[in-house]
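First up is the structure itself, then whatever we jot down about it.
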Amino acid sequence: MPDLLLELFSEEIPARMQAKAADDLRRMVTDKLVAEGLVYEGARAFATPRRLALTVHGIPARQPDLKEERRGPRVGGAEPAIQGFLKATGLSSISEAKIQPDKKGDFYIALIEKPGRPALDVLAEILPVIIRTFPWPKSMRWGERSARPGALTWVRPLHAITATFGPETEEPDVVKFSVDGIEAGQTTFGHRFMAPAAISVRRFEDYEAKLKAAKVVLDSQARKDMILADAKTLAQAQNFELVEDQGLLDEVAGLVEWPVVLMGSFDQEFLSIPGEVIRATIRNNQKCFVVSDPNTGKLTNKFILTANIEAIDGGKAIVAGNERVIRARLSDAKFFYETDLKTRLEDRLPKFDQIVFHEKLGTQGERIKRIERLAAEIAPLVGADVEKTKRAARLAKADLLTEVVGEFPELQGLMGKYYALAQGEDPSVAAASEEHYKPQGPADRVPTDAVSVAVALADKIDTLVGFWAIDEKPTGSKDPYALRRAALGVIRIILENRIKIGPRGVVEEHFENSYGKQYLDAADKIDNLMVFFEDRLEVQLREQKARYDLVEAALSTGSLVAGHPLTVIVERVEALGKFLDTDDGKNLLAGTKRASNILAIEEKRDKRTFDGAPDPLLYRQDEEKALAKAIDQVKREASAAVAREDFAGAMSVMAALRPAVDAFFDKVKVNDDDPQVRENRLKLLNEIRAATRAVADFSKIQD
């Protein structure tokens, strides 16, 4: 079957746009092919700084013929309706139509046969539309035609279009179309500097090989592999180690078509700056990798750059140019760092009183005071020193006003730690500056130092309480204040540190201290926030492969809304899961569900519930008495186990209920002819349900 080769050759495409653009091109072309009945075998898309390319193989040479039946008006219907039907279907007279019987009468049916078109013609029709409607985040017009209505817009000036189609065994055809005066052909161009001449190509294999010969590596992954391998080799040759950076590697691979890896150096004096500042400076300004000493783990005064050319001088001028720029940028960074050290963190705090955090939540200064007060309240609950925690909370945001963080916002918190240590703060106080922002995502670690834990919880809970107070909650996919991440952070910190606190108590106190006098509906807002926490908890537990129905069953018995600790809920879920993996658990679940189903039916029929203790005098069979005795024992022992948070023990106790439940359903008729006996037996079934609810709501569990 024939293959398609398409290339859109332009000026440099920003690296951040390339991967999505390649995917968009593949998706748009293949979707159109399928919509036109041209089902293909496979497709691959590519991007370099100056081109988007696509190969689609196994496309049929022509569309399949289309046969369609179209229903028309009723036989004997109005003449205008018949004439309209003839015009729409292309029939010359109504005698050419078939007549189809129907329960509502006979109707005319037209059989329309539409021969398929050659795929080459279909491609010539769809490709220019795709090019004109391509979804670049930003695009531009250029040249003399740019002011003309309908002029092409593209991310950068588009210079050439290559489009060929044909089978492997034959010379492919050019897909003939033009876009804004640019005619599609089979000519592309190699590397801008090393092989700028025009290249005639036929199909993908020929295209890829000729580009490589012209110093263009088409596949971005191949460029990444080359850069990473060469950078590691270059570092190891001097007994150093490359500091790998996937984000930077992705970006650099999008800046070059022919990667050439080189090493440069900078003055030793700059190593007095924290390594993270050096790395951010070199990475952000020159897109270079840094190098470390494997013996010490510290950075060396070397860096690795990726050029886009094999220079005649071996890259000496390129390295020298990068060294000059990096020297200047590191000089600035060193100046910023040393200037920052001259001002103590606490001396920066008054400026926060002039910086608005949110128009409804006050200034950053007010927020810091709230976090400090809340952190001090949390400290005893997590085993942290109260005074150290207050100090840490007071200083945690101070580095936001430093020169280095102003230049490199991604270093917030980390620089606070360095500045705090430099001014002699306690290590726990300093560490909290960095760690109170954690975790910032599912792969990020949680703080474990007690002071950091207290400040991190206070920071996140203050954010959540504040935005819930002013009704700025996440909606759908919109979460501008990262409140879902904050809630998941609270959950992970509590669970991974095994802290036995319920968020509700902390939230209620903080709401009252910070906002309580302003809101009459505080309880409703707090309930809503606890439900939000429960939703996030379910997400977290599902990611850990917990069954959603077990989570619902546990929350129905002990919820965050009711003030239960997170750890207790999770322990309940874990114990429930293990119990239900046993035969006792499975059978007890079946018996409990049977009891619940019978109760639901009878309660609906009688329009009442069967609450209240059953009357022992109405027991007629030994199985009733045995079940009642077992329920009383299980209630006592399971409740005691739950009270001491021994959920595994509670499940073990629950297992003792299983034989009595099985025997009851095997021997006892629930809907006895005697109304009093029937009611008593239904109350006994309700006791089964009540006994199991001491641990979880078994009705929520799937079979």
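Note that these values count all heavy atoms, side chains included, but never hydrogens, waters or copies made by symmetry.
Looking at D399 and Y419, their side chains never bring a donor and an acceptor atom within 3.5 Å of each other. Inspection of the E7 and Y207 side chains reveals an N or O donor paired with an N or O acceptor under 3.5 Å.
Distance alone, capped at 3.5 Å, is enough to place a donor-acceptor pair between the N497 side chain and the P447 backbone. Looking at D267, its side chain never comes within 3.5 Å of a backbone N or O of E269 through a donor-acceptor pair. Judged by distance alone, with hydrogens and angles left aside, the side-chain atoms of T463 form a donor-acceptor pair with the main-chain N or O of D459 at under 3.5 Å. Under a 3.5 Å cut-off, the side chain of D3 and the backbone N or O of F165 do not form any donor-acceptor pair. For the pair T164 (side chain) and R202 (backbone), a donor-acceptor distance under 3.5 Å is present. R492 places a side-chain N or O within donor-acceptor distance of the main-chain N or O of G441, the cut-off being under 3.5 Å. The closest donor-acceptor contact from the side chain of E183 to the backbone of S178 lies at 3.5 Å or more, if one exists at all. Of the possible donor and acceptor atoms, none in the side chain of D121 sits under 3.5 Å from a partner among the backbone N and O of R117. For the pair K334 (side chain) and L271 (backbone), a donor-acceptor distance under 3.5 Å is absent. Distance alone, capped at 3.5 Å, is enough to place a donor-acceptor pair between the K210 side chain and the S200 backbone.
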Does the salt bridge (Lys or Arg N to Asp or Glu O under 4.0 Å) test come out yes or no for E11 and R192, once each step is laid out?
CA-CA 10 Å; E11 295 294 331; R192 181 186 289 276; 2.9 Å; yes
Going through the checks in order, is the side chain to side chain contact (heavy atoms under 4.5 Å, CB included) test met by I309 and I318?
CA-CA 10 Å; I309 187 172; I318 295 172; 3.7 Å; yes
Mind running salt bridge (Lys or Arg N to Asp or Glu O under 4.0 Å) on R51 and E257 for me, showing each step along the way?
CA-CA 10 Å; R51 68 198 80 224; E257 290 193 318; 3.2 Å; yes
With side chain to side chain contact (heavy atoms under 4.5 Å, CB included) as the test, would you mind laying out the steps for N285 and I326 before giving the verdict?
CA-CA 8 Å; N285 289 288; I326 286 174; over 6 Å; no
Are Q63 and L38 close enough, and set up right, to give a side chain to side chain contact (heavy atoms under 4.5 Å, CB included), and what steps lead you there?
CA-CA 6 Å; Q63 292 174 309; L38 297 170; 4.0 Å; yes
Let's go through K460 and R485 carefully: what are the C-alpha distance in whole Å and the side-chain angles of both, what is the deciding distance for side chain to side chain contact (heavy atoms under 4.5 Å, CB included) to 0.1 Å, and is it a yes or a no?
CA-CA 9 Å; K460 293 168 178 58; R485 187 174 72 187; over 6 Å; no
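Between K20 and D23, none of the side-chain N atoms (NZ, or NE/NH1/NH2) sits under 4.0 Å from a carboxylate O, so this pair counts as no salt bridge. Using a 4.0 Å cut-off between a side-chain N of Lys or Arg and a carboxylate O of Asp or Glu, K417 and E435 do not qualify as a salt bridge.
For K473, the NZ atom counts as densely surrounded, since its 6.0 Å shell holds more than 12 non-hydrogen atoms of other residues, nucleotides or ligands. The 12-atom threshold is not exceeded at CZ of R16, counting heavy atoms of other residues, nucleotides or ligands nearer than 6.0 Å.
Counting only heavy atoms from C-beta outward, the side chains of I13 and W136 approach each other to under 4.5 Å. L6 is listed as a side-chain neighbour of L25, based on a closest heavy-atom distance under 4.5 Å. The closest side-chain heavy-atom distance from E410 to E276 is not below 4.5 Å. Two residues are said to be in side-chain contact when any heavy atoms from C-beta on lie closer than 4.5 Å; I161 and F177 meet this criterion. In this structure, the side chains of F408 and T281 come closer than 4.5 Å at one or more pairs of heavy atoms. For the pair W154 and L8, the minimum side-chain heavy-atom distance is below 4.5 Å. Proximity of M415 to D340: side-chain heavy atoms (C-beta onward) are nowhere separated by under 4.5 Å. With a 4.5 Å cut-off on side-chain heavy atoms, R223 and T48 count as touching.
Of all heavy-atom pairs spanning F134 and D24, the tightest one is CZ-CB, 3.9 Å. In terms of heavy-atom proximity, F266 sits nearest to T300 at CZ-O, 3.4 Å. The minimum heavy-atom distance linking L218 with A53 is given by the pair CD1-CB, 4.2 Å. The two residues F189 and P196 come nearest to each other via the heavy atoms CD2-O, 3.6 Å. P439 and V446 get closest at one heavy-atom pair: CG-CG1, 3.9 Å. Across all their heavy atoms, K215 and E310 have their closest contact at NZ-OE1, 3.6 Å.
Taken to the nearest 0.5 Å, the CD1 atom of I131 stands 7.0 Å off from the CG atom of L158. Rounding to the nearest 0.5 angstrom, the gap separating the CD1 atom in I126 from the CG atom in D31 is 10.0 Å. Rounded to the nearest 0.5 angstrom, L249 CG and E251 CD are separated by 10.5 Å. The distance from the CZ atom of F533 to the CD atom of Q540 is 12.5 Å, given to the nearest 0.5 Å. With rounding to the nearest 0.5 Å, the separation of CD in E205 from CG in L5 is 9.0 Å. Here the CZ-CG distance, from R542 to L537, works out to 10.0 Å after rounding to the nearest 0.5 Å.
Among K224, K287, R283, the single residue meeting the salt bridge (charged side-chain N to carboxylate O under 4.0 Å, His left out) criterion with D245 is R283.
Between F204 and F46, a ring centre-to-centre spacing shorter than 6.0 Å is recorded.
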